[in-house]
Structure formats: C-alpha cells, structure tokens
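Sequential numbering from 1 along the given sequence is applied to the chain's residues. Numbering of ligands and ligand atoms starts at 1, following listing order.
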Amino acid sequence: MDKENTGRVLMKKYEVGRLLGKGTFAKVYYARNMMTSQSVAIKVIDKEKVLKVGMIDQIKREISVMRLVKHPNVVQLYEVMATRSKIYFVLEYVRGGELFNKVTKGRLKEDVARKYFQQLISAVDFCHSRGVYHRDLKPENLLLDDNGNLKISDFGLSALAESKKPDGLLHTTCGTPAYVAPEVISRKGYDGAKADIWSCGVILYVLLTGYLPFQCPNLIDMYRKISKADFRCPSWFPSDVRRLLFRILDPNPSSRIPISNIMEYPWFKRGFDDKLFKKKAKQKIDAGEVVFDSDDNDTVMAGQEMGKLAILNAFDIISFSARFDLSGLFEEADHKREAIFTSDLPASAIISKLEETAKGLQLKVKKNDHGTLKMEGLNISERGILAIDAEVFEVSPTVHLVEIKKIEGDALEYEKLWKDGIRPALEGIGCAWGMSK
Ligand code: ADE
C-alpha cells in the first residue's frame, strides 16, 4: 500500500522516500528536493476524502494563513502542490522524532521541561498573534529537530486534524481526548486561543511528571475529570509551577490565564530567550508581515536576491509565488478562469466594490453572509449563462484574499468581461494579483 508513493518523483522536484506517518486524510512521507538535496516531509492528502466531508473551504483558508506563519518552533509549510486527486504539503523535515518518545522513558528534568514549554508557548503565542489556532495540540504534533528544539507540526491545518470525524465528533485514535479543553469536549463553541492554552497546560504536566493529569480507564470518567479540572500534582512538584498549572488548567475559559500572563510568571521567564521574543513582538506590528530567513525560501522566493532578513507581507508572497493559486488545488488549474488577489480593505468594502462592479457590468448579483458573491450574465450563450463566483477570505484582520472564478458559461465572453470590465474596476482595491492579468 505505502509503496504507492515511495520511490516516485513528485512534480519533477521531489524524490519520495519512506512513510513517516499515516492519518485519516493524509500520509506523510520523507522526501528530498532533487535540485538542492534538502530533506522535506510531504503530507499527501486525498482530495476525494476531503471533498466528501466538505472541508475544502476551511482547508483553503487555513493554507492561506499557514503560509504567513514562520516561527523557529513551528514546522514550516514550504509549498503546496496539487494534482487532480491529491494535495501535497511540502513541509520542513524534522529529524529528531516525537518529543514524547523522550517522556515515555520517564519525566524530564525541570529545566528541560521548561525549555520545551517556553518554545511551545512562544510558538503558540506567535501563531495566535496571526489569528492561527492549532486546536489539536497533542504529543504527536510535537517534534524535535537535530538541535533538540521543539517544532509544532500541523499548525493552522486543524481542518486536517485526525481527531475530528466527518460528523465533527472527536475521534480518539489513540484512545484519549486527554489534551482537549473542557469547552471543546462539551462543544459549546470555543475560543481557539483558550483551547490551545489548556492543551499546553496538559503538555507541561506530562513533561514534568511523565504521565497524564486526567487519566481514567473510561472516557466518561475522563471527560468528567477534565470538565472539573480534577487533577493532582505530586508532592515533589515545584510550587511555582503548580500555581501556574492551576491557572492554565482552569475549566472556565474566560478566567483561564492568557498567554501574555503565562509569560510573566517567574518560573516561565527563567532562562527564556527574550531577545527572540522581542524580535517576534516587533513583527506583530503588521499582522500581514512575515519574516523569512534568506536560507530557506525555497518556494516563495526562488530566484530572488535576498538580504539577511527580508520583510515580506501577504502581498509579496502572492506576487512572488507562482503556486499561490489555491483554486488550482481543487480544480484543474486554469489561469484564465480564476484570479486571486489580496486587498487591505475590510471584507465589507471589498464585497461592496465587487457588487458595484458587477452591477456596472449589467450582471445579476446574489450576495450571502459568508463573504461570497455570485454574479450572473443576462445573456444565454451556447455554454449557458455566464456565472462567476467571488469569495473573500480573511487572512488577518488587515489582509483579505479575494478569489474570483468562472463557474459556468462561455470562456471567451468571460475573458472579455474580465479584461475590459472586472479587472480594471478592481485595480484600485487589489494590492497583489496572483494570476495572469
Ligand atoms: N512526521 C510528520 N510530520 C513530520 C515532519 N515534518 N518531519 C518529520 N517527521 C514528520
């Protein structure tokens, strides 16, 4: 079965090696970039399975956000590729295996546990500041690199989390929802940031003790314990961590400690590299900005001359990346039918502009509340009525991604309408365009 990809060359670029892991929607393989010899991990997603559970829009949104997140403790997404049946995420390859392989050999020393916890919190804080939530932080998602640094995998790809079944219920592959916050279990609707903080608390407990805070022979009892945060710290537990843990494992998400306060705890601050923290805080000035190191810009910046650090924003990423056309992930790529661009206007202003443009071009307009707009021509051609969909995605509070595509109708009619009507009208609101104009 798993030999289906091993030994294959993908997109004339990656030689695919052994299987690293397997989940409901995806398999992860080791692979090597044949040009640069760089090792990567390739997550192969079965498009059909994802289509069946209706998660395409969510995944598209998450991919667009993932591309904006770069942090030393987050597994980086280098590139997204697609064929008719598969989606490929090309990810940073992390060699050191799962952090929890270490914990199964016994609890970690306090300083070591603190270092991993600092890296975990620093990464989670960074992603939250960009509006990206993990929602499924658990041992399998914590990897170690060659230097013993923690890397969180699957950040921002929670739509692909293996713990969610198509019906939205928790899927307990490893038999335990042990890392999941009470409000997630009770499905009350939850704040992704607060849910991630809870999971970090459970992880901290496990690192320090070598066992789970909420462990029961049956799920009902485990849920009960989680919902009451019914856990005990062993007597040797340092009192300053104990205090912190009780603030994190607060069953009420409203009173649960926010990350900014975790970072203020003296226990947390000990030995914390706050230079790195300050650098990241500076990057938060503009939610659309991302810092790329010069040595690992394989995808987005291929062929670009870069200084030591270059500030890129969402607009640059789209401008530079030939592969950013996410619509190509799910349909055969046809650049004449689809366009993608970013705008710094609020979603409502973008929608109004699209509406006004469509009306000016004598198109019928149908709007819904989820940031989509359907436009229809009035004339019937041999290929039916021209139908165009526009969709607005929030990348960050200041950056929106707009996708426009022809759904039905005559291609020539659309091209003409696009070139002479839509494209010029949107010139003023689009900051970076991701297709041939
Ligand atoms: N298993 C899952 N993701 C991985 C990655 N990025 N590197 C190494 N092993 C992995």
Query raised in the report: Which ligand 1 atoms, with their elements, are less than 4.0 angstrom from a heavy-atom of Val75?
Result: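 So the atoms of ligand 1 that pass are 6 (N).
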Query raised in the report: Against heavy atoms of Tyr93, which atoms of ligand 1 measure under 4.0 Å?
Result: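 Once the distances to Tyr93 are compared, the set is 7 (N), 8 (C).
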Query raised in the report: What orientation do Phe214 and Trp198 show, parallel under 30°, tilted 30 to 60°, or perpendicular over 60°?
Result: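 Rings of Phe214 and Trp198: parallel, under 30°.
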Query raised in the report: Do the ring planes of Phe117 and Phe268 sit parallel (below 30°), tilted (30 to 60°) or perpendicular (above 60°)?
Result: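 Perpendicular: the ring planes of Phe117 and Phe268 meet at over 60°.
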Query raised in the report: Has the side chain of Asn147 got a donor or acceptor atom that lies under 3.5 Å from a matching backbone atom of Asn149?
Result: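 No.
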Requested in this report: Check whether any side-chain N or O of Ser227 sits under 3.5 Å from a backbone N or O of Pro182 as a donor-acceptor pair, and report yes or no.
Outcome: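 No, because the side chain of Ser227 does not come within donor-acceptor range (under 3.5 Å) of the backbone of Pro182.
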Specify the protein heavy atom at minimum distance from [atom]: its residue, its atom name, and the distance to 0.1 Å.
atom: atom 2 (C) of ligand 1; result: Val28 CG1, 3.8 Å
atom: atom 4 (C) of ligand 1; result: Leu143 CD1, 3.6 Å
atom: atom 9 (N) of ligand 1; result: Leu20 CD1, 3.6 Å
atom: atom 7 (N) of ligand 1; result: Val94 N, 2.9 Å

**Report entry** Face-on cation placement of Arg247 at Trp267 ring, 6.0 Å and 45° thresholds
**Finding:**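 No, a cation-pi geometry is absent between Arg247 and Trp267.
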Query raised in the report: Is it the side chain (CB and beyond), the backbone, both or neither of Ala41 that lies under 4.0 Å from ligand 1, heavy atoms counted?
Result: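 Under 4.0 Å from ligand 1, Ala41 contributes side-chain atoms alone.
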Report task. Would you mind telling me if ligand 1 is within reach of the side chain of Glu92, the backbone, both or neither, using heavy atoms under 4.0 Å? Result ->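 Near ligand 1, Glu92 shows its backbone, while the atoms from C-beta on stay back.
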Query raised in the report: Pick one: which of Lys115, Lys109, Arg114 meets salt bridge (charged side-chain N to carboxylate O under 4.0 Å, His left out) with Asp111?
Result: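 Only match with Asp111 under salt bridge (charged side-chain N to carboxylate O under 4.0 Å, His left out): Arg114.
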